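This report refers to the structure that appears directly beneath it.
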Amino acid sequence: MVCIRSFHRRALLCAALGFAAGAQAHQLRPWMATRPAPPLSLSDLDGKTWELPALQGRAVLLNFWATWCEPCVEEMPSLEAMAKRHWADPLVVLTVNYQETEPGIRRFLERVPLTLPVLLDRDGSATKAWTPRVFPTTVMIDRNGRPRQQIVGAVNWAGNEARQWVHDLLASGSTRT
């Protein structure tokens, strides 16, 4: 399932996708090789700034989401469990919240506990640069800092398909010296 920011489009799309509850709810899209990685410099809820160059040598999953997006909320537990499964691997899982207030996000996190870093995309510019503005969207970035794929829509990160994506991501793009 996916959600789109525009209220009317979001309501129609989410309603339509509700009928496909058992169907594949995501689409895997390759990142165009000619498209460079957009810059990313965002602060998290604790004030720490995250930048992609500082994460080089580790694979990165950037999960773009919003509290009003039901598929995003449904995806969070399996995303967090996947990150915990890979705690010893060179993998960083970051969630990027789209244009919501800190107090609103914190209230949400009281209801839906999440230990993953929540980065604040206050003006929406990171989301616009990295995604088709469909939520959730996860961008898989290799250990050299190159985006490899976008996953548009909710994913069961405990499923075999997602496990294979993460395995392949960790195996690809080994760091250069």
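If you read the sequence from its start, that first residue is 1, and numbering goes on from there. The structure displayed is predicted, hence computed values, not measured ones.
Residue Tyr98 forms a ring-ring contact (aromatic ring centres under 6.0 Å, His included) with just one option from Phe135, Trp68, Trp130, Phe64, and that option is Phe135.
Residues that satisfy the side chain to side chain contact (heavy atoms under 4.5 Å, CB included) test with Ser41, not counting sequence neighbours, are Thr49, Glu51. With sequence neighbours excluded, the residues satisfying side chain to side chain contact (heavy atoms under 4.5 Å, CB included) with Arg107 are Pro103. Partners of Ser78 according to the side chain to side chain contact (heavy atoms under 4.5 Å, CB included) rule, which considers only residues two or more places apart in sequence or in another chain, are Asn156, Trp157. Scored by the side-chain hydrogen bond (donor to acceptor under 3.5 Å, both in side chains) test, Gln150 finds no partners at all (sequence neighbours excluded). Remark: Gln149 pairs with Leu28, Met140 by the side chain to side chain contact (heavy atoms under 4.5 Å, CB included) rule, at least two apart or across chains.
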Task: CA sep, side-chain torsions, deciding dist, call: Asn63, Leu116, side chain to side chain contact (heavy atoms under 4.5 Å, CB included) - done: CA-CA 10 Å; Asn63 179 266; Leu116 296 170; over 6 Å; no
Open item on the list: side chain to side chain contact (heavy atoms under 4.5 Å, CB included), that's the test. Do Leu42 and Leu94 meet it? Break it down for me.
Closed with: CA-CA 11 Å; Leu42 296 172; Leu94 302 172; over 6 Å; no
Open item on the list: Determine whether Asn144 and Gln56 satisfy the following criterion, side chain to side chain contact (heavy atoms under 4.5 Å, CB included), listing intermediate values before the conclusion.
Closed with: CA-CA 6 Å; Asn144 289 318; Gln56 196 143 5; 4.3 Å; yes
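Note that CH2 of Trp65 is 4.5 Å distant from CE of Met76, once rounded to the nearest 0.5 Å.
Here salt bridge (Lys or Arg N to Asp or Glu O under 4.0 Å) pairs that include residues 85-104, with residues two or more places apart or in two chains, are Glu102-Arg106, Glu102-Arg122.
Taking every heavy atom of both residues into account, Val60 and Leu91 meet most closely at N-CD1, 4.4 Å. The two atoms that bring Gln99 and Asp123 nearest to each other are NE2-O, 2.9 Å, heavy atoms only.
Asp44 and Lys48 are not joined by a salt bridge, as no carboxylate oxygen comes within less than 4.0 angstrom of a charged side-chain nitrogen.
Shown here is Asn160, whose CG atom has no more than 12 heavy atoms of other residues, nucleotides or ligands within 6.0 Å.
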